[in-house]
Amino acid sequence: MSVSTLEQAPAPATAGKSPGRRAWIRFRSNRIAMLALVLLGAINIAAVFAPVLAPYPPNAMSIRERLQPPSIKHPLGTDENGRDMLSRLLYGARISLSVGLAAVVFAVFLGAIVGGAAGFAGGITDSVLMRVTDGMLSVPIFFFMITTLALFGATLGNIILVIGATSWMSVARIVRGEVLRNREMPYVEAARSLGAGPLYILFRHVLPQSWPAIIVSATLGIGWAILMESSLSFLGLGVQPPDSSWGNMLAKARGYMWNAPLLAFIPGFAIFLTVLLYNWLGDGLRDALDPTST
Amino acid sequence: MSEGFISSGLSRRSLLAGLASAPAMASLLAGPAGAQAPVTGGAFTIPVISNPALWPLIGGVQNVMVNRVLFNSLTSYDDPNQKVVGDLAEKWSVSTDGLTWTFSLYPNVTWHDGKPFTADDVVFTINKIWLNPKIAFPQRSNFATLTGAEKVDERTVKLTTNVPTPALPVMLGYLAPILPAHIFSTWSNEDFTKPTAFTKSPVGTGPFKFGEFTPGSSVRLVRNDAYFRGKPLLDALVFKVMPDVEQQFAQLQSGQLDWMIIEPYQIDALKGNTRVKINDVKSNMYFYVGLNDAMPPFDDKRVRQAFSYAVDRQAIIDGALAGRADIAASPITPVLANFHNDKVESYAIDLKKAGELLDQAGWKMGSGGIRTKDGKQLKITLDVDAGNTTREQIALIVQDNWKKIGVDTTIKTGDFGAFVQRMRAKPSELQAFICWWITAPDPDIISYYGTDKTLNIFAYSNPEVDKLLDEGRKTIDLAQRAKLYKDAQVLIAQDAPCVFLYYAREIESVSANLRGWSPTLGYRYALGQAEKIWKAR
Amino acid sequence: MARYLIRRTGEAAVLILVVSFVAFLLVYMAPGGPAILLDPNMTPEDAALMKNLMGLDEPFHVQYWRWLAAIAQGDLGLSLSVRLPVYDIIRQQLPNTMVLATSSLVLAVAISVPLGVIAAAKRNGPVDQAVALLSSFGLAVPAFWFGLLLVIAFSLKLEWLPAGGMATDGDGSFWDVAKHLVLPTLVLATSNMAQLTRHTRSAMISVLRQDYVRTARAKGVSERLTIFRHALRNALVPVLSVIGLLLPQLFGGAAVTETVFAWPGIGQLAVRAAFERDYPVIMGVAMVASAIVILASLLVDLLYACIDPRISVAGKP
């Protein structure tokens with residue numbers, strides 16, 4: 001992807017290969033990260049193909065078949081409305097994973113803008129924006145998330161916006177650092193002299209430079225966002241039914257913990273596993289892309 | 001007239017009721033413990049969803065519950081069927097023109113601070129608070145016909161109305177506590193907006209007085225030894241602040257709570273738990289699918305009837321309410337035994353008839369099983385508040401039922417507050433919605449079904465019904481009044497302004513050792529008799 | 001040093017002001033209005049009257065300025081739902097959150113620092129891997145779900161610990177509160193523990209790479225002594241700053257944990273207030289919680305500056 005140097009001495013074993021190739025070799029040797037990659041691939045594919053894979057429509061209910069234990073007909077049993085848990089889990093994955101992904105995309109976008117602006121403008125703008133970034137990290141932001149969603153409504157869009165708007169800070173720092181490092185580079189100077197604006201330079205030159213760090217941060221961010229959505233769901237401020245996210249399936253299932261514990265166990269475990277895998281993947285990527293850290 | 005959704009918090013998650021005939025009803029009063037002499041001491045601990053306000057001039061279920069114990073009203077309700085009985089008033093009579101009511105008050109009533117309660121307190125509360133437009137009082141619309149109160153002597157007050165108001169004694173018992181004149185007489189209107197001095201240590205006449213308020217944790221009310229109905233048996237009543245219903249349920253199971261309203265689906269989890277008993281309480285509450293009678297397609301009576309015929313109420317009751325509710329057909333519940341009419345069109349499920357009615361209305365079956373008229377498909381948006389399993393289940397069943405007659409229903413869930421606002425907007429943009437009414441035990445439903453009345457959220461209008469309801473609210477004679485309301489119910493049922501679903505019951509789970517708690521009255525009113533409650537060892 | 005102190009304090013003050021503005025703006029822009037105005041019984045006239053009495057129909061700057069001026073005098077307004085001063089409510093519930101947050105932080109530090117040190121010392125060994133696995137579990141588990149599992153296991157099945165609340169009615173002795181504190185502390189500490197362990201480990205590893213540690217080792221100082229005497233002290237400096245960053249999460253996490261366990265703190269208060277649209281409480285809690293966290297971070301930063309003299313020159317790293 002990027003031709004310019006990553007500014008680090010290549011490890012001897014992988015000398016002569018491109019940085020991406022070297023990273024892949026390092027990544028491949030990390031068994032946990034590979035496992036995470038494979039499983040996450042499977043989970044994401046399952047989510048994409050939910051309409052094909054799900055044995056039933058996710059909202060097809062049958063009051064007579066409520067709260068059934070796993071059977072051949074319903075491999076994971078049924079919920080309080082007699083809906084097939086496997087189907088709901090698959091469709092829930094779509095919402096949960098999309099919320100995570102969308103929130104992170106939004107966060108990366110915001111972070112790139114803030115970090116880019118801070119880096120390019122420098123001076124007072126830089127220091128104000130960085131104080132804002134620090135500030136976001138030093139207030140109990142969750143209170144503001146709750147308030148916003150309770151007051152403005154917990155719609156899918158609002159949830160993504162709120163989670164994204166509170167998790168862009170690490171990306172901003174990364175991008176700003178990269179901008180500062182690249183600002184004086186000859187090719188940036190050249191682009192500038194050709195009349196390229198800061199946004200162009202940011203997206204054309206700087207972001208490609210910082211992608212390894214951003215990808216690591218974004219991968220960890222997806223797990224975080226899925227966890228956030230489930231916390232918000234617990235408080236009644238997550239994705240609203242009839243859309244089913246793992247978070248609201250779990251929140252709903254809490255009421256049946258006493259007589260149908262499996263109902264809560266399944267989405268809870270799905271969240272736990274997915275977040276865990278994203279974290280493992282993120283850690284693996286960090287080790288592969290940036291071997292100097294840790 | 002209604003308590004409406006006073007319980008925006010609790011009701012959303014747990015207030016919703018529904019219970020079948022309860023065999024376990026043998027009564028907590030009698031039963032094997034009937035012979036036992038009451039035991040004194042101990043505390044009765046019940047959950048509230050958030051910090052209660054010790055301020056009687058606002059709604060909200062947690063506030064109503066606490067204030068019902070701290071304060072008394074002129075009247076109250078008792079078994080059977082929530083009949084009106086005296087509370088602070090010993091007896092009352094009405095003049096022949098139906099405009100003047102004379103209430104005799106109980107002697108020996110004292111305020112919690114030791115001052116005597118007199119007619120002055122009643123006169124002050126009515127004239128200076130209820131009828132003062134500068135002070136916010138949620139129940140003001142219940143007293144629209146009341147013109148004032150007048151002291152006859154220390155023990156007697158005269159209330160006057162501008163039209164005969166048979167519902168007055170009922171309304172006087174409905175969230176209308178009498179407040180101490182000796183405290184409030186010096187307050188300005190402005191002071192009533194910042195009532196901190198009072199809410200820090202409220203003074204009422206009730207069986208328990210203010211003990212301690214630990215925000216976020218509990219409100220503790222302690223025995224009022226000077227209570228005029230006799231010294232209460234318990235030492236204390238504790239309202240525990242517990243926002244999470246599952247946490248409440250865990251504490252109920254482990255015996256840390258003595259009472260809780262539960263959802264139908266929670267009943268199974270209590271099977272085999274000997275610490276608790278379940279009561280089925282019939283309440284003056286009914287659920288419905290509201291239809292916007294001013295908006296197509298529901299501006300056509302035949303369409304509304306067809307939608308009513310298509311709904312499988314028994315499936316709702318069995319599936320979503322554990323069988324604990326009764327099919328509804330009219331807006332006056334069987335709790336009001338004198339006024340309820342069980343001989344109205346009940347729209348027992350009949351898909352064939354529903355189809356015929358839709359055909360007549362011009363909605364012909366089209367491709368894909370969806371009916372169409374003038375090239376438009378029969379698509380309905382059904383609103384329901386998010387988060388309550390029972391109501392969501394109902395929405396799903398209704399959606400499924402309507403599909404069978406060629407209706408494409410989209411369920412829209414949303415925040416309760418926003419939902420209520422949209423419902424109240426005039427004209428309303430809601431098309432169909434699942435909601436409920438709970439009212440004082442009086443049949444006056446003109447606010448809900450009278451043309452253009454404030455709570456007529458269906459935009460229903462029938463001049464004949466208007467006339468009957470208007471007549472009904474002014475007729476003092478019981479038999480005559482009952483006839484008017486029974487006739488009105490027939491007409492309303494025919495018009496199908498909404499799809500009546502079921503008469504709800506509240507399912508309460510109480511400690512097995514609780515005594516003196518009526519299993520049929522409902523907690524709102526049972527708490528008003530808190531002096532009788534005791535716990536067996 | 002003095003300049004740094006003044007600058008950091010100034011920043012904290014500005015941040016608190018910004019927070020107040022954001023909190024107020026959110027509430028001001030919110031559609032609908034307080035829940036008590038949604039009571040369908042209330043006539044529109046009464047609703048308008050109440051809105052007017054609460055001062056909610058005035059322009060933004062008037063309301064904001066009045067609110068800010070009142071806060072300056074310690075007056076956070078009157079709760080719309082409870083009709084008590086917000087200050088009184090927060091004053092009574094805040095200590096409970098502080099107890100919970102402190103015990104969680106203490107637990108997290110007490111477990112994470114030793115674990116992180118051991119993991120670093122035995123880098124890539126089985127212990128390190130086990131610690132890494134445990135901490136990745138801790139980061140991934142939904143807190144309320146974990147809490148509920150604990151309640152089922154320890155309260156309902158084993159009946160060892162209470163399911164929730166802060167004290168048994170009529171008790172409230174130290175041991176009684178301590179018993180109620182166990183499960184919420186564990187739940188609130190879980191994610192912090194995981195993060196802190198990771199940070200301690202990486203801080204230790206980078207310290208262990210440094211020259212003086214190598215020198216100490218080369219001189220034949222025992223491994224245990226090297227780690228605990230020399231390395232740990234230096235590693236604690238970055239760990240301290242991580243604790244500063246965990247504080248906001250501790251308060252935010254309290255909203256969920258307190259709700260799960262009916263713990264009477266300000267997290268639970270904030271959640272209820274948001275649902276009830278109790279504006280003065282929403283803003284009051286946001287202000288107070290933010291101010292506490294900001295001041296605590298300031299304290300940590302200053303402490304950090306004292307320990308690590310490089311700060312005064314280089315600014316924040």
Side-chain angles (χ1 to χ4, degrees), chain B residues 1-6 8-9 43 45 49-55 58-60 63 133-134 136-142 190 192-196 198-200 213-218 220 236 238 240-244 246-248 250-251 253-254 256 417-418 420-421 423-424 454-455 457, chain C residues 31-36 38-47 49-50 53-54 78-85 88-93 96 144 148 151-152 155-156 159 162-170 258-266 268-269 271-273 275-278 281:
Chain B
M1 273 291 160
S2 85
E3 192 173 330
F5 316 91
I6 57 170
S8 79
T45 307
I49 200 138
S50 65
N51 281 331
L54 305 177
W55 181 241
I58 47 176
N63 311 328
K134 296 266 184 245
F137 174 53
Q139 308 307 322
R140 180 160 297 134
S141 57
N142 289 352
E190 160 89 297
F192 278 87
T193 65
K194 297 187 170 61
T196 316
F198 189 78
T199 51
K200 278 184 174 167
F213 181 16
T214 317
S217 189
S218 65
R220 193 182 177 82
V238 180
K240 271 205 203 177
V241 181
M242 304 174 79
D244 183 43
E246 298 315 325
Q247 169 66 227
Q248 292 183 6
Q251 296 208 12
Q253 291 179 69
S254 65
Q256 287 165 274
V420 171
Q421 267 208 327
M423 210 167 75
R424 294 185 66 192
T454 46
L455 298 170
I457 52 179
Chain C
I36 50 167
L38 294 175
D39 188 337
N41 292 331
M42 211 185 275
T43 62
E45 293 78 45
D46 258 13
L49 172 72
M50 285 194 76
L53 292 173
M54 292 186 286
L78 208 62
S79 158
L80 300 181
S81 57
V82 189
R83 303 298 164 102
L84 284 171
D88 288 4
I89 302 173
I90 292 180
R91 199 193 52 197
Q92 294 205 51
Q93 297 198 210
N96 303 337
F144 64 95
L148 211 72
V151 167
I152 290 183
S155 306
L156 297 183
E159 302 201 358
M166 189 168 167
T168 312
D169 186 49
E258 289 179 0
T259 304
V260 175
F261 290 101
W263 187 264
I266 58 166
Q268 170 190 323
L269 181 66
V271 174
R272 284 314 305 169
F275 276 114
E276 286 169 359
R277 294 164 173 257
D278 191 340
V281 176

Check: With side chains defined as the heavy atoms from C-beta onward, is the minimum distance between C:R83 and B:I58 less than 4.5 Å?
Finding: yes

Check: Which residues pass the side-chain contact (heavy atoms from CB on, under 4.5 Å) test with C:N96, sequence neighbours left out?
Finding: C:M166, C:W263, C:P264

Next item on the list: Give the C-alpha distance, both sets of side-chain angles, the deciding distance and a yes or no for side-chain contact (heavy atoms from CB on, under 4.5 Å) between B:R220 and B:T214.
Entry: CA-CA 8 Å; B:R220 193 182 177 82; B:T214 317; over 6 Å; no

Checklist line | Mutual orientation of the aromatic rings belonging to B:F198 and B:W55 [parallel < 30°, tilted 30-60°, perpendicular > 60°] | finding: perpendicular

Notebook entry, point to check: Where on B:A250 is there a heavy atom nearer than 4.5 Å to chain C: the side chain, the backbone, both, or neither?
Noted result: both

Margin query: Need one label for C:L78: side chain, backbone, both or neither, based on atoms under 4.5 Å from any heavy atom in chain B.
Written below: side chain

Notebook entry, point to check: Which region of B:V241, side chain (C-beta onward) or backbone (N, CA, C, O), has a non-hydrogen atom less than 4.5 Å from a non-hydrogen atom of chain C, or is it both or neither?
Noted result: both

Check: Okay, side chain of C:D278, backbone of C:S81: is any donor-acceptor separation there less than 3.5 Å?
Finding: yes

Next item on the list: Sort out for me which of B:Q253, B:K200, B:Q247 touches chain C most, counting heavy-atom pairs under 4.5 Å.
Entry: B:Q247

Notebook entry, point to check: B:Q256, B:M242, B:Q251: which one forms the most heavy-atom pairs within less than 4.5 Å of chain C?
Noted result: B:Q251

Check: Which residues satisfy the ring pair (Phe, Tyr, Trp, His ring centres under 6.0 Å) test with B:F213, sequence neighbours excluded?
Finding: none

Check: For chain B, which of C:A262, C:G265, C:S79 has the most heavy-atom pairs under 4.5 Å?
Finding: C:A262

Notebook entry, point to check: Quick one: of C:L84, C:I89, C:V151, who has the most non-hydrogen atom pairs under 4.5 Å with chain B?
Noted result: C:L84

